[in-house]
Amino acid sequence: MYEQFIEFTDQIFWEGYAEQLAKETPERFQFEYNDFLSTYQN
């Protein structure tokens, strides 16, 4: 699911967005990733 999250956010915003977010604001990255998991996980 992690790779799908990276692809998803990069498609919505720009290539490298998820990596930049993880470096600059790790708590926001974790929040967004958890939200993605709760929304799209089976």
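Residue numbers start at 1 and run along the sequence shown. Please read these numbers as outputs of a predicted model, since none were measured by experiment.
- Under a 3.5 Å cut-off, the side chain of Glu7 and the backbone N or O of Gln4 do not form any donor-acceptor pair.
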Could you pull out all donor-acceptor pairs under 3.5 Å where a side-chain atom in residues 11-20 meets a protein atom, sequence neighbours excluded?
| from | atom 1 | to | atom 2 | distance (Å) |
| --- | --- | --- | --- | --- |
| Glu19 | OE2 | Lys23 | NZ | 3.3 |
| Gln20 | NE2 | Glu24 | OE1 | 3.4 |
| Gln20 | NE2 | Glu24 | OE2 | 3.4 |

Exercise for the section: Step by step, work out the ring-ring contact (aromatic ring centres under 6.0 Å, His included) result for Phe29 and Phe36. Expected result: CA-CA 10 Å; Phe29 176 85; Phe36 175 82; over 10 Å; no
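- Contact annotation: the side chain of Leu21 approaches that of Arg28 to within less than 4.5 Å [non-hydrogen atoms, C-beta and beyond].
- Annotation: the span from Tyr33 atom OH to Leu37 atom CG amounts to 4.5 Å, rounded to 0.5 Å.
- For an aromatic pair to be called close, the ring centres must be under 6.0 Å apart, and Tyr40 with Phe8 satisfies this.
- Partners of Gln30 according to the side-chain hydrogen bond (donor to acceptor under 3.5 Å, both in side chains) rule, which considers only residues two or more places apart in sequence or in another chain, are Asn34.
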